[in-house]
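Within every chain, numbering begins at 1; the chains are lettered A, B, ... in the order of the sequence lines, protein sequences first and strands thereafter. The analysis underlying the following values was restricted to heavy atoms, covering all of them including side chains, and did not include hydrogens, waters or symmetry mates.
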Number of protein chains: 2
Amino acid sequence: MSHTLGIRQAQKQKTRQALLDAALGLLEEQSLSSLGLREVTRAVGVAPTAFYRHFRSTADLGVALVEEALGSLHPMIRTTVSATGDHEERITRAIELIARHVDGYPAHVRFIARERHGGVQPVREAIRDQLARFAQEVKDELAKDPVSEGWTEDDLLMLAHLYVDQMLITASLFLEALEGPEEERAQRTRHVAQVATRQMRPVSYTHL
Amino acid sequence: MSHTLGIRQAQKQKTRQALLDAALGLLEEQSLSSLGLREVTRAVGVAPTAFYRHFRSTADLGVALVEEALGSLHPMIRTTVSATGDHEERITRAIELIARHVDGYPAHVRFIARERHGGVQPVREAIRDQLARFAQEVKDELAKDPVSEGWTEDDLLMLAHLYVDQMLITASLFLEALEGPEEERAQRTRHVAQVATRQMRPVSYTHL
DNA sequence: CCATGCAGTTAACAACTGTTCTCTGGAATT
DNA sequence: AATTCCAGAGAACAGTTGTTAACTGCATGG
């Protein structure tokens with residue numbers, strides 16, 4: 001069904017991706033609200049006006065980056081949190097997923113951590129929406145667990161939001177560990193994983 | 001001992017404060033890394049060059065804002081977390097302190113939440129230092145509690161950091177509730193307080 | 001009372017920004 | 001083969017930025 005898109009569209013998507021990549025790189029040392037359109041095109045090596053063929057503004061590009069950073073995570077979340085194994089096991093699985101994701105895409109994680117409370121409203125909203133979707137999905141998995149009987153839908157969703165928040169905090173801590181001096185890295189990573197597990201556990205105990 | 005500073009220095013501090021206030025206002029809708037020096041002076045009604053009499057750069061002003069936002073909190077933290085009353089009581093006291101602080105200085109709280117992971121390194125560091133001081137102080141109070149016997153200094157400090165992080169998250173949630181529609185405000189505020197208490201409690205239970 | 005110090009002003013600078021309009025080369029369509 | 005389409009280039013615009021220099025007026029200390 002995927003009819004290979006022509007040379008034309010392929011080239012277009014290529015420069016679009018180049019713009020996204022360049023922006024993500026530049027955003028390691030500044031916030032989105034100070035990112036200039038010319039700055040991005042200069043980094044890619046295209047004319048400033050080419051930017052408009054892909055994004056209305058840098059805020060628009062930011063929203064696209066949110067999709068890129070979080071969009072692909074949904075299926076992974078579902079399977080890791082799915083109701084197989086006991087609580088303890090699910091928690092360690094989730095934390096491992098986070099650790100691997102932070103390790104693989106540190107720039108994306110930093111971007112989300114930074115812009116979640118950042119100065120660009122549409123981007124904040126896009127992040128909030130994605131996190132709400134995560135929470136919804138976590139709730140769906142929680143609901144399958146027999147332990148969840150007797151809980152209202154709202155309570156479960158609230159609990160799911162708690163989990164999602166905790167995951168973000170954990171990701172941020174992993175990132176800090178990653179950015180620190182290399183000799184401490186392994187130790188601090190283990191440390192964060194341990195603290196995060198301890199932090200998550202009581203949340204599920206409220207269940208009982 | 002405070003020899004009333006002359007007309008000269010008084011006027012200087014006044015414009016300095018005006019610059020800080022104006023910046024804080026402008027930062028409600030953008031990040032520090034995009035805040036221009038001219039923008040600030042224009043809001044105050046003073047020549048752009050006057051800025052340099054007070055700050056080297058906007059980053060420098062940001063560091064001053066961190067001091068203003070968090071500096072005055074240290075004594076309050078000490079007394080609220082001090083070892084009087086049981087854990088439950090201390091927790092509710094701390095959460096009430098946070099709620100009142102967010103209510104009284106929402107712009108400061110937003111600034112800290114935004115710039116903690118923001119794009120300006122010196123400001124991030126200033127915030128990290130202040131939070132480390134908070135953790136140190138909380139640790140000192142924890143150490144006075146007989147329950148803390150048998151814990152190493154490092155473990156206590158780690159626990160204190162956990163508390164401080166949790167306080168910041170709570171502050172951020174209070175702020176979100178405050179920014180939402182007015183009819184939901186009271187309910188959401190109560191909700192946040194309740195969830196925060198539940199979230200903090202297990203942390204201290206790890207003690208036992 | 002007079003000389004000094006210094007907060008804030010004025011003017012000018014090169015560099016940079018987002019946005020518009022016009023143009024071009026080559027892929028896509030007919 | 002001829003035509004349309006459109007991603008990207010190029011040039012120009014008015015407005016903004018941070019920073020420098022030389023100034024002015026007034027509070028200060030001798």
Participant: Using whole Å, report how far CG of A:Leu35 lies from C1' of D:dT17.
Facilitator: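 Whole-Å distance recorded here is 17 Å.
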Participant: Quick one: is B:Arg42 getting a side-chain N or O under 4.0 Å of the D:dG15 phosphate, OP1 or OP2?
Facilitator: no
Participant: Which nucleotide, C:dA27, C:dG8, D:dA9, lies nearest any side-chain atom of A:Ile7?
Facilitator: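 Of the candidates, C:dA27 comes closest.
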Participant: Considering only NZ, NE, NH1 and NH2 on the basic side and carboxylate oxygens on the acidic side, decide whether B:Asp145 and B:Arg90 come within less than 4.0 Å.
Facilitator: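 Judged by the 4.0 Å cut-off on N to carboxylate O distance, B:Asp145 and B:Arg90 do form a salt bridge.
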Participant: By nearest nucleotide on DNA chain C, pick out whichever of B:Arg16 and B:Arg38 is the more 5' one.
Facilitator: B:Arg16
Participant: Classify the side chain of B:Thr49 and the base of D:dT20 as holding, or not holding, a donor-acceptor pair under 3.5 Å.
Facilitator: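 Side chain to base: no pair below 3.5 Å.
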Participant: With respect to A:Val102, which candidate in A:Leu175, A:Leu97, A:Thr170, A:Leu173 satisfies the side chain to side chain contact (heavy atoms under 4.5 Å, CB included) definition?
Facilitator: A:Leu175
Participant: Rounding to a whole Å, what distance do you find between B:Gln17:CD and C:dA7:P?
Facilitator: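 Roughly 17 Å, once rounded to whole Å.
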Participant: Please classify the nucleic acid contact of A:Thr15 as base, sugar-phosphate, or nothing, using heavy-atom distances under 4.0 Å.
Facilitator: sugar-phosphate
Participant: Quickly work out the A:Glu39 CD to C:dT19 P distance and round it to whole Å.
Facilitator: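 So the CD-P distance, A:Glu39 to C:dT19, works out to 15 Å.
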Participant: Between D:dG15 atom C1' and A:Leu37 atom CG, what is the distance in whole Å?
Facilitator: 16 Å
Participant: Could you tell me whether B:Arg16 and B:Asp21 have a side-chain N and a carboxylate O separated by less than 4.0 Å?
Facilitator: no
Participant: If we check side-chain hydrogen bond (donor to acceptor under 3.5 Å, both in side chains) with B:Ser34, which of these qualifies: A:Ser31, A:Ser34, A:Ser33?
Facilitator: A:Ser33
Participant: Does atom CD of B:Gln187 have more than 12 heavy-atom neighbours from other groups under 6.0 Å away?
Facilitator: no
Participant: Angle between the end axes of the helix from C:dA14-D:dT17 to C:dA27-D:dT4, five pairs per end, to the nearest 10 degrees?
Facilitator: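 Roughly 20°, once rounded to the nearest ten degrees.
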Participant: Figure out the CD/C1' separation between B:Gln13 and C:dG8, and round it to whole Å.
Facilitator: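 Whole-Å distance recorded here is 16 Å.
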Participant: Report the distance from atom NZ of B:Lys12 to atom C1' of D:dT28, rounded to the nearest whole Å.
Facilitator: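 So the NZ-C1' distance, B:Lys12 to D:dT28, works out to 14 Å.
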Participant: How close or far is atom C1' of D:dT24 from atom CZ of B:Arg53, stated in whole angstroms?
Facilitator: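 From B:Arg53 CZ to D:dT24 C1': 12 Å.
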Participant: C:dC6 base to B:Arg8 side chain: any donor-acceptor pair below 3.5 Å?
Facilitator: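 Flag set: donor-acceptor pair detected.
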Participant: Measuring from atom CD1 of B:Ile112 to atom NE2 of B:His108, what distance do you get when rounded to the nearest 0.5 angstrom?
Facilitator: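 Reported value, rounded in 0.5 Å steps: 8.5 Å.
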Participant: Strictly below 4.0 Å, N to O, side chains only: are A:Arg93 and A:Glu96 in salt-bridge contact?
Facilitator: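 The answer is no: the pair does not qualify as a salt bridge.
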Participant: Whole angstrom is fine here: how far is it from OH in B:Tyr52 over to C1' in D:dA21?
Facilitator: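 In whole Å, D:dA21 C1' lies 13 Å from B:Tyr52 OH.
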Participant: Nearest to the A:Gln11 side chain among D:dG8, C:dT10, C:dG8, which nucleotide is it?
Facilitator: D:dG8
